[in-house]
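In what follows, chains carry the letters A, B, and so on, assigned in the order in which the sequence lines appear, proteins first and then strands, with residues in each chain numbered from 1. Computed from a prediction, not measured in an experiment: that's the story for all the values here.
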Protein chains: 2
Amino acid sequence: MSKAAKTSEQILRAAEKLFSEKGFEATSLREITQSADVNLASVNYHFGSKKGLIQAVVERYQRVFMPALSAELKRLEDQGNVSTEGIVQCFVGPLAALEQVCAGGAEIYLKLLGYGYSEIQGHLRKFTMQRFGDVVQHAFRLFQTANPSFATETLFWRLHFALGTVLFAQVSARALIEIAKADFADPNPEAYMMQRLLAYVAAGISAPEATFLSTTRSKVV
Amino acid sequence: MSKAAKTSEQILRAAEKLFSEKGFEATSLREITQSADVNLASVNYHFGSKKGLIQAVVERYQRVFMPALSAELKRLEDQGNVSTEGIVQCFVGPLAALEQVCAGGAEIYLKLLGYGYSEIQGHLRKFTMQRFGDVVQHAFRLFQTANPSFATETLFWRLHFALGTVLFAQVSARALIEIAKADFADPNPEAYMMQRLLAYVAAGISAPEATFLSTTRSKVV
DNA sequence: GTCATATTCAAACACCTGTTTAAAACAAGG
DNA sequence: CCTTGTTTTAAACAGGTGTTTGAATATGAC
């Protein structure tokens with residue numbers, strides 16, 4: 001491995017760790033370079049800017065996750081029987097595959113997305129869509145076939161709610177897990193958290209449409 | 001109104017607006033004081049520190065919201081027939097009541113909470129619990145009576161997922177609404193967003209327990 | 001009006017941020 | 001070996017942050 005590749009790698013490793021812990025904006029380049037045991041200026045040398053570093057960090061995960069997700073979705077579609085829960089379960093494997101990138105990769109990736117969506121308003125979304133829009137749209141189409149009676153609009157909202165649920169849960173996962181450990185004497189809450197999450201999300205996505213909405217529509221502006 | 005009360009008020013108004021737009025950490029005291037047309041040092045004079053200002057801003061909303069929520073919950077309990085959807089609907093009125101505090105108060109309050117939960121890790125949660133823990137616990141108890149078969153643990157996780165759904169949705173509401181307007185020619189998506197959200201959340205909370213979880217348990221981790 | 005208190009104000013403080021510079025160290029091909 | 005190009009380094013840059021200071025100004029009670 002060349003020296004250049006080595007420092008880039010060290011920077012990426014340190015950055016993804018710190019970013020996932022504290023968010024992008026709250027993490028300084030000096031923290032990253034100190035943690036990576038590397039000169040401050042090398043971030044700008046190798047990645048151009050902090051923004052470039054953020055993109056590089058996220059992209060490395062996207063390039064593993066998105067193709068894996070795409071494959072899972074295709075597999076599900078081919079085998080017929082497309083259900084909301086089935087689609088949601090398609091995300092589990094690709095997330096687990098992120099362990100290749102680094103230990104705890106799934107957790108890191110989701111936290112990165114969470115911070116990316118709330119901090120760098122829109123940037124990450126746009127970047128993801130133009131790079132992996134086809135995968136996202138494929139997933140959306142499958143959700144539509146699983147819930148054929150739903151208006152496109154309803155599904156749009158619910159899927160974004162679901163995204164929000166997962167990302168927020170992941171960002172505050174550590175705090176929640178600690179509370180769960182203290183309050184319920186659950187020795188290993190993180191093990192099933194993702195499954196709990198997906199069950200909740202699947203139910204929310206495929207909730208009966210409109211009845212609840214239409215009965216109270218007039219009351220609320 | 002004394003001069004002191006006037007400047008505090010101006011600071012609070014400007015702060016809540018900017019905080020809800022950009023988050024706590026991304027908003028500087030200089031932005032706030034310029035927007036409030038007030039001297040920089042007056043923030044520290046009146047609120048001690050930036051942290052003090054954040055607390056003051058949030059507290060003003062909590063003191064309106066929490067008692068209103070408490071009343072709604074009592075009302076629901078007294079009239080019997082406690083359902084998940086019913087409890088969730090209890091939040092609508094108290095949120096609307098925040099318009100008293102200022103225009104768009106509900107939106108601002110939820111965004112403040114959203115940023116508070118993801119930025120000042122734990123601080124806001126602790127503060128809320130020690131000040132309004134009784135209301136939170138009352139809500140939790142009602143959710144338990146609405147879903148008597150659920151393990152306390154299950155409800156704990158789902159309610160926090162629900163909180164995350166609502167807060168994340170609110171923080172990214174503006175972006176979502178713009179997309180909805182562009183993609184679906186919906187002239188007024190914000191009108192029903194909260195109802196869409198609550199329907200999703202209620203379904204997620206009262207999803208059938210464990211069947212989904214237990215069938216896939218062995219596969220994960 | 002006077003006095004004590006409460007509030008405002010401009011300036012400075014100490015520290016942190018991302019980025020740039022120019023010299024130094026290193027690498028590899030001729 | 002020397003030269004060319006790449007990479008590392010320490011230092012400085014320009015600008016932003018929350019907070020403190022001490023003098024100036026208002027305020028309100030006697």
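B/F19 and B/Y115 have their aromatic ring centers separated by at least 6.0 angstrom. Aromatic ring centres of A/F127 and A/H123: separated by at least 6.0 Å.
Closest to the side chain of B/S28, from the set D/dT7, C/dT8, D/dG18, is D/dG18. Counting only heavy atoms from C-beta on, A/A41 has its side chain closest to C/dT20 among C/dT20, C/dT8, D/dT8.
The environment of NZ in A/K17 is sparse: at most 12 heavy-atom neighbours from other residues, nucleotides or ligands sit within 6.0 Å.
Between the two ends of the helix from C/dG1-D/dC30 to C/dC26-D/dG5, each summarised by a five-pair axis, the helix axis turns through 10° (rounded to 10 degrees).
Positionally, the nearest nucleotide of DNA chain D for A/D37 lies more toward the 5' end than for the other of B/L29 and A/D37. Projected onto DNA chain C by closest heavy-atom contact, A/G48 and A/A26 fall at different nucleotides, the more 5' of which corresponds to A/A26.
Regarding B/Q34, its CD atom lies at a distance of 13 Å from the P atom of C/dC9, rounded to whole Å. When rounded to the nearest whole Å, the span between NZ of B/K51 and P of D/dT19 equals 10 Å. Rounding to whole angstrom units, OH of residue B/Y45 and P of C/dA6 are separated by 7 Å. Per the geometry, CG belonging to A/N44 stands 15 Å off C1' belonging to D/dA10, to the nearest Å. Between the P atom of C/dC9 and the CD atom of B/Q10 lies a distance of 10 Å, rounded to the nearest Å. In this structure, the NZ atom of A/K6 is 18 Å from the P atom of C/dA25, given to the nearest Å. Here D/dG15 presents its P atom at 19 Å from NZ of A/K50, a figure rounded to the nearest Å. Atom-to-atom, CG of B/L40 to P of C/dC9 comes out at 11 Å; the value is rounded to the nearest Å.
Close to D/dT8, at under 4.0 Å from its OP1 or OP2, lies a side-chain N or O of A/T7. Taking 4.0 angstrom as the limit, A/H46 places none of its side-chain polar atoms (N or O) nearer than this to OP1 or OP2 of D/dT6. In terms of phosphate contacts, B/N39 brings a side-chain nitrogen or oxygen within less than 4.0 Å of OP1 or OP2 of C/dA10.
The side-chain tip of B/R158 does not point at the ring of B/F143 from less than 6.0 angstrom away and within 45° of straight on.
A/T27 comes within 4.0 angstrom of the backbone, heavy atoms only, and of no base.
Donor-acceptor pairing under 3.5 Å is recorded for the side chains of A/Q89 and A/Q195. Remark: the A/Y109 side chain and the A/E16 side chain contain no N/O donor-acceptor pair separated by less than 3.5 Å.
Between the side chain of B/R30 and the base of D/dG16 there is no donor-acceptor pair of N/O atoms closer than 3.5 Å.
A/E190 pairs in a salt bridge (Lys or Arg N to Asp or Glu O under 4.0 Å) with only one of the listed residues (A/K181, A/R174, A/R196), which is A/K181.
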